[in-house]
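By convention in this document, chain letters (A, B, ...) are assigned in the order of the sequence lines, proteins followed by strands, and residues within each chain are numbered from 1. Since this is a predicted model, take the numbers as computed values, not measurements.
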There are 2 protein chains.
Amino acid sequence: MTDLHTTNALRLLQAADDFRAGLSGELSAVHGISVNEFLLMLHLERAAAHRLSRVDLAKRMHVSASTITRMAAPMEKIGLVDRQVDDRDARLVFVVATQAGRAKLSEALSTFSKRAGYLFSDRWEDDEVDQFAAMLRRLIAGRGDTLA
Amino acid sequence: MTDLHTTNALRLLQAADDFRAGLSGELSAVHGISVNEFLLMLHLERAAAHRLSRVDLAKRMHVSASTITRMAAPMEKIGLVDRQVDDRDARLVFVVATQAGRAKLSEALSTFSKRAGYLFSDRWEDDEVDQFAAMLRRLIAGRGDTLA
DNA sequence: GCAATATGCTTGCATGTGCAAGTGATTCGG
DNA sequence: CCGAATCACTTGCACATGCAAGCATATTGC
């Protein structure tokens, strides 16, 4: 009916949606943040000086610049991130992780890892996990700004 | 730094997001439908009699029942789906694919398959694609209502 | 049978998001 | 230099979506 590439793409979307849906509930219930806020902070954590410009974040997260503007505002209010204007280029406004934000990320990351463990553990052999990692890496290899 | 399960889950989300973002633009530009409308019709296509109740669709798509109600309305207007109340249980309102809807799905599916091909082809060996399919299948094995 | 409960769906409200337009800052071409 | 083009960001508007409440229909317990 449909070829295997198509099946794989459908399964990829389904598996990611399933995982994201479960993660969403626990992140918001336990840590009071959304999946996108979690991913935003993770991008900051991986970035130099734990900061990124708004357009940079937007590209990495597949959202519009306006979304970053609007996500950052409440995160600044609760102290997860700070706003930092570039010295050289006054157009650039960095989103920079605070200590509190990095601590929150660390907690949220343990929830994330626990769920990732549920997803794979007890059903996968170590070498299968390695293979899967290598395959996924090839799928996102085109991007130079991946989280993992 | 982070264990491999965590890395894999992050890559899974990233790969799916990347694919969905590219697909979204082409589906809306070429076929005038959203990714979620495409997936809704695909669920109908796979279902018995090409129809599903609203709560059933909601569960399969990880969205709320109200979202299905609101997605179905414009799709009925442009003739992609019909509304059908169950004879036995007047609470049940099925979303049923029309011929026009199934034709539209078929066109959109070719766009989907083309992008799925880009994602894997020229970079993957056949047996790797098979392995990847088997691994993804295990990730979504818990669900009995998967698309693939 | 009938009240109490559960189920499926819809609607009001609040929130999240993209797009297009607007603003200020920088860079480019002459 | 100076005007034009580009870039980063913000804001107004429209649309999508979840949650809670409401409504109609079924099912259950007595």
Between atom [atom1] in [X] and atom [atom2] in [N], what is the gap in whole Å?
| X | N | atom1 | atom2 | answer |
| --- | --- | --- | --- | --- |
| B:Met61 | D:dT17 | CE | C1' | 12 Å |
| A:Lys59 | C:dG18 | NZ | C1' | 17 Å |
| B:Asp56 | C:dG8 | CG | P | 9 Å |
| A:Leu92 | C:dT23 | CG | P | 21 Å |
| A:Leu52 | D:dC9 | CG | P | 11 Å |
| B:Phe38 | D:dA16 | CZ | P | 19 Å |
| B:Asp86 | D:dA26 | CG | P | 9 Å |
| B:Ile68 | D:dT17 | CD1 | P | 9 Å |

* When hydrophobic residues are tied together by side-chain contacts of less than 4.5 Å, even through go-betweens, does A:Ile33 share a cluster with A:Leu57? ->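 Hydrophobic grouping puts A:Ile33 with A:Leu57.
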Report all interatomic pairs (protein N or O, nucleotide N or O of nucleotides 19-22 of chain C) with separations under 3.5 Å.
| residue | atom | partner | partner atom | Å |
| --- | --- | --- | --- | --- |
| C:dC19 | N4 | A:Ser66 | OG | 3.0 |

* List for me each residue that meets ring pair (Phe, Tyr, Trp, His ring centres under 6.0 Å) alongside A:Phe38, sequence neighbours excluded, and say none if there are none. =>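 Applying ring pair (Phe, Tyr, Trp, His ring centres under 6.0 Å) to A:Phe38 gives A:Phe112.
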Side chain of [X] only, heavy atoms from C-beta on: which candidate in [options] is closest?
| X | options | answer |
| --- | --- | --- |
| B:Met71 | D:dC9, D:dT17, D:dC7 | D:dT17 |
| A:Asn36 | C:dT17, C:dT10, D:dC9 | C:dT17 |
| A:Asp89 | D:dA8, C:dG8, C:dT26 | C:dT26 |
| B:Ala90 | C:dC9, D:dA26, D:dC7 | D:dA26 |
| B:Arg54 | C:dC9, D:dT10, D:dT6 | C:dC9 |

* Hey, does the side chain of A:Arg88 come within less than 4.0 Å of C:dT27's phosphate (OP1/OP2), counting only N and O? ->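 Indeed not, no polar side-chain atom of A:Arg88 lies that close.
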* Short side-chain N/O contact to D:dT10 OP1/OP2 from A:Thr69, under 4.0 Å ->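 Affirmative; the distance criterion is met.
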Kindly say whether [Y] contributes a backbone atom to a donor-acceptor pair with the side chain of [X] at under 3.5 angstrom?
| X | Y | result |
| --- | --- | --- |
| B:Arg51 | B:Leu44 | no |
| A:Ser53 | A:Val93 | no |
| A:Thr98 | A:Gly79 | yes |

* Record whether the side chain of A:Arg91 comes under 3.5 Å of the base of D:dC7 through a donor-acceptor pair of N or O atoms. =>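 In this structure, the two groups form a donor-acceptor pair.
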* Would you mind classifying the nucleic acid contact of A:Ser53 as base, sugar-phosphate or nothing, using non-hydrogen atoms under 4.0 angstrom? =>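 Sugar-phosphate contact only.
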* To do: Identify the residue among B:Arg54, B:Lys59, B:Arg60 that makes a side-chain hydrogen bond (donor to acceptor under 3.5 Å, both in side chains) with B:Asp56.
  =>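 Exactly one option meets the side-chain hydrogen bond (donor to acceptor under 3.5 Å, both in side chains) with B:Asp56, and it is B:Arg60.
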* Do B:His62 and A:Arg20 come close enough that some side-chain heavy atom pair is under 4.5 Å? ->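 Result no, sub-4.5 Å side-chain heavy-atom pair not found.
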